[in-house]
Amino acid sequence: MQGFPTEVLLIFTLLIWVLYGLIFLSSPKNKVNQWCCICGFLLSIGVLKEYIYYSGMLSGMEVTLFGINYELNDLINSILTAVLYYISMPCVMILSFYFCHLDQYRPKLFRFLCVIVFIPVFTFCIVYPWSQTRVIPIENPSAYLIVASYNLIYGLLATIPILVTLYTERNTIYYRQRRLVSVIGLLPLWYWLITVFLFHLLKLERLYKLWQGNAIILIVLFVYYVYHLFRDGIWGMRINREYFDWTGEQPKLPDNTRYVVHMLKNELAKLSWCSQSIRSLNITDAAQELDIIDHSISHIEEFVRRSSAYSGELTLKPVPVNVHALFEAVAEEMTGEWTGNVVISTDPKCPDLVCDYEHMKEVLCDLTANALTAMGDTGTLTFSCQTPARNITLLRVSDTGCGIPEDKLLRIFDPYYSGAGDSQHMGLGLSYCQKVIRAHRGYIQVKSQTDSDRHGTVFTLCLPRTVRERRRHDRTVN
């Protein structure tokens, strides 16, 4: 089978770099993004080495290493093949570990496995020298069988946990995003494994160059990535379209929350002063209108207050907090006049949670307020705490309310988005909650049902139990 021209191979390589570079830039601090980018660049070596070798750019050049003369073209090809065959799949395994949250649930096991998966790399480098890797498929079929089996087995070991995680998280708001991510990660990986290793093992010589068809797959995935980038977001990035009249002298500037809040404060002061001045004139016919103005002023002032509080910096002051006492304080403050049932379920042996007490209480109060709104006058509000692992604490706030429709679950954490139809809900509470939990290096999960026979919502706060002094016991998060 005839392969692509060398120019196409170069374009193919650049396409891989662009796609996985964009994945990294989508969320540079996210470990899944980081390791997906690393894996993508490692897999691109297969195309790069083909381009270097067949373009002949190094032909006729020689180099001496450890007293042995090598043709530079063959040596570079062998080294890049060794990197591709030996190192790529352990990195895919680490990507799988991060995707499955193993670093959070089982940190010691995670660190142990990150070392174990690289043991075959050192073994191969000794048994099958990196300088001869290029000729292994031809001159040493038994060695190639071992290397190919190693890559295929690692591929299975990396894929199965990802699929299991997708299945277990199928009812969470993160499922759709994680499914999109897994498609971009697994589809080109398995095409490469099958066309490079399986076809060679089966001696399907006519199909040996079929691996270059990955270029078509990557083009499709690039379009797939850009499409979701402008839709619901992917890999931690979402681009919002904004239209303006480019033919005018000045384009419309994007909104800036801080600027708007500052402007509102100044204008509110003027409106409040005018309202008080008019009231001092004792104009009876204007009383009703002034009440409406004062009510609007109060509502906007509350909006400004929350925007300033929830959009600004969070300064955490972590202290040991008794979870049961925290639940009781929230329940007493929020459910005093509520007629439903309140259940607090915590393990008496559960150790204290190291967190910022005020921020964590505010998060639980916000979640409780939403739960009470969803249930109305009656229902069951449940606070619970579990410790599934030594370093993990799960705080749950669940209700038996109407539930959140599936089409709204993806947006509930967006600032200023509210599923309620009244002006009292400003859409800042859940955004603030997510910000606080992330500041504590945790995350929020949401499960909700709207069926007539089974309905309700469960918010789960996954938090590390200890924080290693929180970087000198105080951390500021933008």
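Note that the numbering runs from 1 along the sequence shown for the chain.
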By ring-ring contact (aromatic ring centres under 6.0 Å, His included) - contacts of [X] (at least two apart):
X	value
Tyr191	none
Tyr86	Phe124
Tyr443	His101
Trp338	none

Shortest non-hydrogen contact between [X] and [Y], atoms and distance:
X	Y	result
Ile94	Cys114	CG1-SG, 4.1 Å
Leu43	Leu84	CA-CD1, 3.9 Å
Asp352	Asn322	OD1-CA, 3.6 Å
His455	Cys402	CB-O, 4.2 Å
Thr393	Thr387	OG1-CG2, 4.2 Å
Thr450	Pro405	CG2-N, 3.9 Å

Check whether the ring centres of Tyr85 and Phe197 lie less than 6.0 Å apart, and answer yes or no.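 Ring centres of Phe197 and Tyr85 closer than 6.0 Å.
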
Examine Trp235 together with Phe24 and report whether their ring centres are nearer than 6.0 Å.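 No, the ring of Trp235 stays outside the 6.0 Å limit from the ring of Phe24, centre to centre.
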
Residues that [X] engages under side chain to side chain contact (heavy atoms under 4.5 Å, CB included), provided they are two or more places apart:
X	value
Pro188	Tyr20, Asn214, Leu218, Leu221
Thr400	Met375, Thr380
Arg396	Ser384, Gln386, Leu394, Val458, Thr460
Ala143	Tyr128, Ile136, Asn140

Taking the side chain as every heavy atom from C-beta outward, state whether [X] and [Y] have any atom pair closer than 4.5 Å.
X	Y	value
Glu358	Lys317	no
Ile234	Ile184	yes
Trp190	Leu198	no
Ile444	Val363	no
Leu364	Leu461	yes
Thr165	Arg178	yes
Asn391	Pro464	no
Ile52	Asn77	no

Measure from the side-chain N and O atoms of Ser182 to the backbone N and O of Arg179, and report whether any donor-acceptor pair falls under 3.5 Å.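 Flag set: sc Ser182 to bb Arg179 pair under 3.5 Å.
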
Just by modelled atom types, is the Thr457 backbone N or O under 3.5 Å from a matching donor or acceptor in the Gln449 side chain?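 No; judged by distance alone, with no hydrogens or angles, the pair does not exist.
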
Taking atom [atom1] of [X] and atom [atom2] of [Y], what is their separation to the nearest 0.5 Å?
X	Y	atom1	atom2	answer
Trp192	Met89	CH2	CE	6.5 Å
Leu381	Leu367	CG	CG	10.0 Å
Ile437	Tyr432	CD1	OH	9.0 Å
Ile162	Leu189	CD1	CG	8.5 Å
Phe459	Thr368	CZ	OG1	10.5 Å
Asn33	Ile38	CG	CD1	11.0 Å

Does NZ or CZ of Arg170 come closer than 6.0 Å to the centre of the six-membered ring of Tyr167, within 45° of the ring's axis?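 Yes, Arg170 sits over the ring of Tyr167.
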
Take Trp17 and Leu48 through the side-chain contact (heavy atoms from CB on, under 4.5 Å) test and state the conclusion after the steps. CA-CA 11 Å; Trp17 292 351; Leu48 181 62; 4.3 Å; yes

Evaluation steps, side-chain contact (heavy atoms from CB on, under 4.5 Å), between Val127 and Ile146: CA-CA 11 Å; Val127 179; Ile146 294 173; over 6 Å; no

Over 60° means perpendicular and under 30° means parallel, so classify the ring planes of Phe97 and Phe110, tilted if in between.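 Plane angle over 60°, so perpendicular.
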
Mind telling me whether Tyr150 and Tyr154 have parallel, tilted or perpendicular rings, with 30° and 60° as the class edges?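 Judged by the thresholds at 30° and 60°, the geometry between Tyr154 and Tyr150 is tilted.
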
According to ring-ring contact (aromatic ring centres under 6.0 Å, His included), does anything in residues 361-409 pair up with another residue at least two apart or in another chain? List the pairs.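 Found Phe327-Phe383.
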
Partners passing side chain to side chain donor-acceptor pair (under 3.5 Å) against Tyr225 (at least two apart in sequence or in another chain):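 Partners of Tyr225 under the side chain to side chain donor-acceptor pair (under 3.5 Å) test: Ser26.
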
Over 12 foreign heavy atoms within 6.0 Å of OH, Tyr105: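 Atom OH in Tyr105 is crowded, with more than 12 foreign heavy atoms closer than 6.0 Å.
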
Answer yes or no: are there more than 12 heavy-atom neighbours, outside Asp377 itself, under 6.0 Å from its atom CG?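 It does not: Asp377 CG has 12 such atoms or fewer within range.
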
List the residues meeting salt bridge (charged side-chain N to carboxylate O under 4.0 Å, His left out) with Lys49, not counting sequence neighbours, and say none if there are none.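 Residues passing salt bridge (charged side-chain N to carboxylate O under 4.0 Å, His left out) with Lys49: none at all.
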
All salt bridge (charged side-chain N to carboxylate O under 4.0 Å, His left out) counterparts of Glu406, not counting sequence neighbours: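 None.
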
Show, in sequence, the C-alpha distance, side-chain angles and deciding distance for Asp366 and Leu430, and conclude whether the side-chain contact (heavy atoms from CB on, under 4.5 Å) test is met. CA-CA 7 Å; Asp366 281 347; Leu430 289 179; over 6 Å; no

With respect to Ser149, which candidate in Leu152, Leu145, Asn151 satisfies the side chain to side chain contact (heavy atoms under 4.5 Å, CB included) definition?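 Only one of Leu152, Leu145, Asn151 forms a side chain to side chain contact (heavy atoms under 4.5 Å, CB included) with Ser149, namely Leu145.
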
Could you give me the CA-CA distance, side-chain angles and deciding distance for Val436 and Glu362, then say whether side-chain contact (heavy atoms from CB on, under 4.5 Å) is met? CA-CA 9 Å; Val436 171; Glu362 183 69 18; over 6 Å; no

